[in-house]
Amino acid sequence: MTLQREHIKVVTVGDGLSALTSVADEMPALILLDIQLPRMDGYQICQIIRKHLQFRQIPIIMLSGKDGLFDKMRGRLAGSTEYLTKPFDSAELVQTVKKHLANWQERVPAQQEGTRPRLRYRG
């Protein structure tokens, strides 16, 4: 709801396999990925997403209640762009998401416009 109030379209799923399907169907501009999901954890999902060339440039922000150095490193090794520890401030989430959406727009070359993920941020 916090992101929707900022006019950012949010698509939610309830488990790891649905997350992979949603990424393929939606081609999002950014992925918020909880580590603890049914059927497949966030680390596994992140690794699978990063193995596919068309999804490699999508920022993945991992969300977790685990704040240890090992957990953060595991997220980086899986391919996450950033790691936020719960509980996090709503303003921090919005700022982080907007930063990565702005960076994404700069990174994706204009010649890839046809294959470029659809930006879901309006604001």
Minimum heavy-atom distance between [X] and [Y], given as atom pair plus value:
{"X": "L37", "Y": "G14", "answer": "CD2-O, 4.4 Å"}
{"X": "G16", "Y": "I45", "answer": "CA-CD1, 3.3 Å"}
{"X": "E82", "Y": "R76", "answer": "N-NH1, 4.0 Å"}
{"X": "L63", "Y": "F88", "answer": "CD2-CE2, 3.9 Å"}
{"X": "V97", "Y": "L30", "answer": "O-CD1, 3.9 Å"}
{"X": "R56", "Y": "K51", "answer": "NH2-O, 3.4 Å"}

Q. Does the pair Y83 and M73 meet the rule for a side chain to side chain contact (heavy atoms under 4.5 Å, CB included), with working shown?
A. CA-CA 9 Å; Y83 189 103; M73 279 304 293; over 6 Å; no
Q: Using the side chain to side chain contact (heavy atoms under 4.5 Å, CB included) rule, take V10 and M1 through it: C-alpha gap first, then chi angles, then the decisive distance, then the call.
A: CA-CA 8 Å; V10 176; M1 287 191 276; over 6 Å; no
When you compare the side chain of [Y] with that of [X], does any pair of heavy atoms fall below 4.5 Å?
{"X": "Q44", "Y": "D41", "result": "yes"}
{"X": "F55", "Y": "I48", "result": "no"}
{"X": "L20", "Y": "M40", "result": "yes"}
{"X": "R5", "Y": "V94", "result": "no"}

[atom2] on [Y] to [atom1] on [X], rounded to 0.5 Å:
{"X": "D34", "Y": "K86", "atom1": "CG", "atom2": "NZ", "value": "3.5 Å"}
{"X": "L93", "Y": "L3", "atom1": "CG", "atom2": "CG", "value": "4.5 Å"}
{"X": "M62", "Y": "L84", "atom1": "CE", "atom2": "CG", "value": "11.5 Å"}
{"X": "L33", "Y": "S64", "atom1": "CG", "atom2": "OG", "value": "10.5 Å"}
{"X": "C46", "Y": "I61", "atom1": "SG", "atom2": "CD1", "value": "11.5 Å"}
{"X": "I49", "Y": "I58", "atom1": "CD1", "atom2": "CD1", "value": "7.0 Å"}

Q) Any donor and acceptor pair, going by atom type alone, linking the side chain of D15 with main-chain N or O of S18 inside 3.5 Å? A) yes
Q. Does the T81 side chain pair with the main chain of I60, one donor and one acceptor, at a distance under 3.5 Å?
A. yes
Q. V23 and H52: side chain to side chain contact (heavy atoms under 4.5 Å, CB included), yes or no, with the steps?
A. CA-CA 11 Å; V23 167; H52 294 277; over 6 Å; no
**Q.** Trace of the side chain to side chain contact (heavy atoms under 4.5 Å, CB included) decision for D89 with Q95
**A.** CA-CA 10 Å; D89 181 73; Q95 178 184 357; over 6 Å; no
Q) Are L77 and I31 connected in a single hydrophobic cluster, I mean Ile/Leu/Val/Met/Phe/Trp/Tyr linked by side-chain heavy atoms less than 4.5 Å apart? A) no
Q: Verify the neighbour count for atom CD of Q47: are there more than 12 heavy atoms of other residues, nucleotides or ligands below 6.0 Å?
A: yes
